[in-house]
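Structure, as structure tokens:
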Amino acid sequence: MGFFKIPLYLDNIGTLLAAILGGYLPGVIVGYLTNIVNSTLTDLTNSYYAGISVLIAVSATFLSRRGFFCSVFKIIIAILIFALLGGALGSILTYCIYGYGVGEGISAPFARILLEKGTLSIFWAQMISDMTIDIIDKSVTVICVIILLRLIPEKLSNTLMLTNWHQNPLTIQERISARTTETRKHPLRNKIVFIIAVVMIVIAIVTTAISYILYVKFASSVPGISLNQAKIEGVSYIAKILSLFLGFFIFVLALCIWLANYHLTYPIAAITFASEAFAYDSEESLETGVERLKSLDITTGDEIENLYKSIMHTISETVGYIDDVQKKGEEIAHMQNGLIYIMADLVESRDKCTGDHVRKTAAYVKLILQLLKENKLFPETLTEGYIKDVCSSAPLHDVGKIKVSDVILNKPGKLTDEEFEIMKSHTLAGKEVIESAMQLTHDPGYLKEASNLATYHHEKWDGSGYPKGLKGEEIPLSARIMAISDVFDALVSKRSYKEPFSFEQAMNIIREGEGRHFDPVIAEVFVKNADLVRKVYEEHNKIYQF
């Protein structure tokens, strides 16, 4: 521009390109060095504007990451921001450097023209001149930058961001989350940057103050220079020093933030993300979590890497331990279920009329629970844990029969009133047996539902059942489900005192009992899904057919 005598600077094209494509640090470096190199080739005073170029680099990176170079309106806003930094701040700096007078730059002739009109002060003449020139300058600069950005292949531009990964790179969203995640007080990166900033500012203030005092003292001792003139020159000197320091200060901060991101924030965030996403709900999830941690591959070569390796070792060991515990738990659960069926079989073996009643009723209970869940009925009660507990405890619903005489259990004819009262006592007897078992453990788990099933499976919706005469929703849900399963299996099964009813007859009886014997909602679901009930019925008839 100087060679061709064009009244523009265009010295920020490289700065904007480096900032947009490479990030904060490359933009700051290019902005700072541009003024230093320019000062060695043309004018030493150019070096004093390094701080302004650095501010333009920072704002360019900030704006580009928010899409300010993708629409005409935002581009205009970006130009005005750059003009304010280069023109307004540059004008104030020029005003201070040249002792409150008009400088010697490109805008100086225009400023003198404005002064000759006699309506403006030196400051405002300089300001208007600098702003006018800078708006034109930054407009041409941004247009050149946009054209160059369009010419650079996308594959190449995607590789120009200055990074220093010592791990598997994070996505853009993960990087944003890493920098914005809420912490108890302040992020470690911010603490480091704050300490460095405070130290540099303190050093700058002290050294600048000492330099100013010495400068004014020296200048005032020179013959022909008054103390007032020396102070004015001192202000100019401070402006130059502070401008140079501002550029260097931002460069150091950008470097510290860049290093802190890649050596602290991102590695720690990656470990945090992987740990937070760690799931213990299945073997597959555990293996996926371990693989996710391994894939981070953090190699910072410092305490962060040691922390990563320690966490990796700890979690790997923990996963192995959890796997062993889960296998043991599955074995215990399998053994527990086996013992439940053995106990139920022992009770049932005394009753020669039931024909694997406990297994068939358990199958119907499981089917009803699934149907209720699918139809979104009783959503607050039908959790996965509840369904598991009811299915596990269903075989124990007749455990109280162990206290009923064999004579009554196997009587081929109709029971007398007295005998029937004894038979009815198996519900409360079952409650006693299960409550005795519950006292032996701190976590009753499925035994709570086993108690409900054993005690209340002969209660009726209209309150005419036994042993308590409960009605409606006073009866536990599990017992209302078992009531249908128990009656249906008794109807379709052969007994010593009766022949089995047909499937259709049994279904009609269940339908007729809606709202009287059975919960109408559960009975309706059961009857409406007769095809699924039949499937269970046929499967168990085939298995237990002798």
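Everything numeric here is computed off the predicted structure, so don't read it as measured data. By convention here, the first residue in the shown sequence is residue 1.
- In this structure, CG in Leu21 is found 12.0 Å from CG in Leu162, a value given to the nearest 0.5 Å.
- For Asn168, there are no side chain to side chain donor-acceptor pair (under 3.5 Å) partners two or more places apart in sequence or in a different chain.
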For this session: With side chain to side chain contact (heavy atoms under 4.5 Å, CB included) as the test, would you mind laying out the steps for Leu307 and Glu303 before giving the verdict?
Result: CA-CA 6 Å; Leu307 174 64; Glu303 290 82 359; over 6 Å; no

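- From Asp398, atom CG reaches atom CG of Asp486 across 6.0 Å, with rounding to the nearest 0.5 Å.
- Using modelled atom types, no side-chain atom of Glu459 and backbone atom of Ile475 make a donor-acceptor pair closer than 3.5 Å.
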For this session: Please lay out, stage by stage, how Val54 and Phe249 fare under the test side chain to side chain contact (heavy atoms under 4.5 Å, CB included).
Result: CA-CA 10 Å; Val54 166; Phe249 174 73; over 6 Å; no

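- Between the Ser316 side chain and the Met312 main chain, a donor and an acceptor come within less than 3.5 Å of each other.
- Here the closest heavy-atom approach between residue Phe518 and residue Ile509 is recorded as CE1-O, 4.3 Å.
- Between Phe501 and Phe488, the gap from one ring centroid to the other reaches at least 6.0 Å.
- Panel note: side chain Asp489, backbone Ser485; no donor-acceptor pair is recorded below 3.5 Å.
- Nearest heavy-atom pair across Asn164 and Tyr262 is O-CB, 3.4 Å.
- Shortest non-hydrogen contact noted between Ala19 and Ala57 is CB-O, 3.4 Å.
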Give the table of side-chain donor-acceptor pairs shorter than 3.5 Å for residues 361-374, with sequence neighbours excluded, one pair per line with atom names and distance.
from   : atom 1 : to     : atom 2 : distance (Å)
Thr361 : OG1    : His357 : O      : 2.8
Thr361 : OG1    : Val358 : O      : 3.0
Lys373 : NZ     : Leu382 : O      : 2.8

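- Minimum interatomic distance between Leu85 and Ser59 (heavy atoms only, all atoms of both residues): CD1-OG, 3.5 Å.
- In this structure, OG1 in Thr427 is found 12.5 Å from CG in Leu453, a value given to the nearest 0.5 Å.
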For this session: Walk me through it: do Ser393 and Glu449 pass the test side chain to side chain donor-acceptor pair (under 3.5 Å)?
Result: CA-CA 7 Å; Ser393 58; Glu449 289 309 320; over 6 Å; no

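- For residues 465-475, the set of pairs meeting the salt bridge (charged side-chain N to carboxylate O under 4.0 Å, His left out) definition, not counting sequence neighbours, is empty.
- Atoms CD1 and CE, from Ile434 and Met438 in turn, are 8.5 Å apart once rounded to the nearest 0.5 Å.
- Applying the side chain to side chain donor-acceptor pair (under 3.5 Å) test to residues at least two apart or on different chains, the pairs with a partner in residues 502-511 are Ser502-Gln505, Glu504-Arg534, Asn508-Arg511.
- Residues that satisfy the side chain to side chain contact (heavy atoms under 4.5 Å, CB included) test with Thr383, not counting sequence neighbours, are Tyr386.
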N/O donor to acceptor pairs below 3.5 angstrom from side-chain atoms of residues 522-530, sequence neighbours left out:
from   : atom 1 : to     : atom 2 : distance (Å)
Glu524 : OE2    : Lys528 : NZ     : 3.1
Asn529 : ND2    : Val525 : O      : 2.8

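- By the 4.5 Å heavy-atom criterion applied to side chains, Glu291 and Thr288 are not counted as neighbours.
- Two residues are said to be in side-chain contact when any heavy atoms from C-beta on lie closer than 4.5 Å; Phe82 and Leu63 meet this criterion.
- Looking at heavy atoms from C-beta onward, Leu84 lies out of side-chain contact with Leu80 at the 4.5 angstrom threshold.
- Residue Leu151 qualifies as enclosed at atom CG: its count of foreign heavy atoms under 6.0 Å is above 12.
- Each ring-ring contact (aromatic ring centres under 6.0 Å, His included) pair with one or both residues in residues 55-79, not counting sequence neighbours, would appear here, but there are none.
- Scanning for side chain to side chain donor-acceptor pair (under 3.5 Å) contacts around Thr299 gives an empty result, with sequence neighbours left out.
- Residues His166 and Glu305 fail the side-chain proximity criterion, which asks for heavy atoms closer than 4.5 Å.
- No donor-acceptor pair under 3.5 Å is formed between the side chain of Ser392 and the backbone N or O of Asp389.
- Sorted pairs that involve residues 290-309 and meet ring-ring contact (aromatic ring centres under 6.0 Å, His included), not counting sequence neighbours, are lacking altogether.
- The closest donor-acceptor contact from the side chain of Thr300 to the backbone of His263 lies at 3.5 Å or more, if one exists at all.
- With sequence neighbours left out, Thr416 forms a side chain to side chain donor-acceptor pair (under 3.5 Å) with Glu419.
- The closest side-chain heavy-atom distance from Val390 to Ile481 is not below 4.5 Å.
- In this structure, OG in Ser295 is found 10.0 Å from CD in Gln167, a value given to the nearest 0.5 Å.
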For this session: Applying side chain to side chain contact (heavy atoms under 4.5 Å, CB included), run through Tyr24 and Ile257 and close with a yes or a no.
Result: CA-CA 9 Å; Tyr24 286 104; Ile257 292 172; over 6 Å; no

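- Minimum interatomic distance between Pro267 and Ile304 (heavy atoms only, all atoms of both residues): CB-CG2, 3.6 Å.
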Exercise. Do Cys391 and Ile387 pass the side chain to side chain contact (heavy atoms under 4.5 Å, CB included) test, and can you show the C-alpha distance, the side-chain angles, and the key distance before you say yes or no?
Worked result: CA-CA 6 Å; Cys391 289; Ile387 292 172; 4.2 Å; yes

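- Under the rule for a side chain to side chain donor-acceptor pair (under 3.5 Å), Asn375 has no partner lying at least two apart in sequence or in another chain.
- Screening residues 402-432 for ring-ring contact (aromatic ring centres under 6.0 Å, His included) gives His426-His457, His426-His458 as the qualifying pairs, with residues at least two apart or on separate chains.
- Leu293 CG to His313 NE2: the interatomic distance, rounded to the nearest 0.5 Å, is 13.5 Å.
- Residues Ser157 and Glu154 come closest through the heavy atom pair OG-O, 2.9 Å.
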For this session: Give the C-alpha distance, both sets of side-chain angles, the deciding distance and a yes or no for salt bridge (Lys or Arg N to Asp or Glu O under 4.0 Å) between Lys388 and Glu384.
Result: CA-CA 6 Å; Lys388 184 179 178 182; Glu384 293 299 323; over 6 Å; no

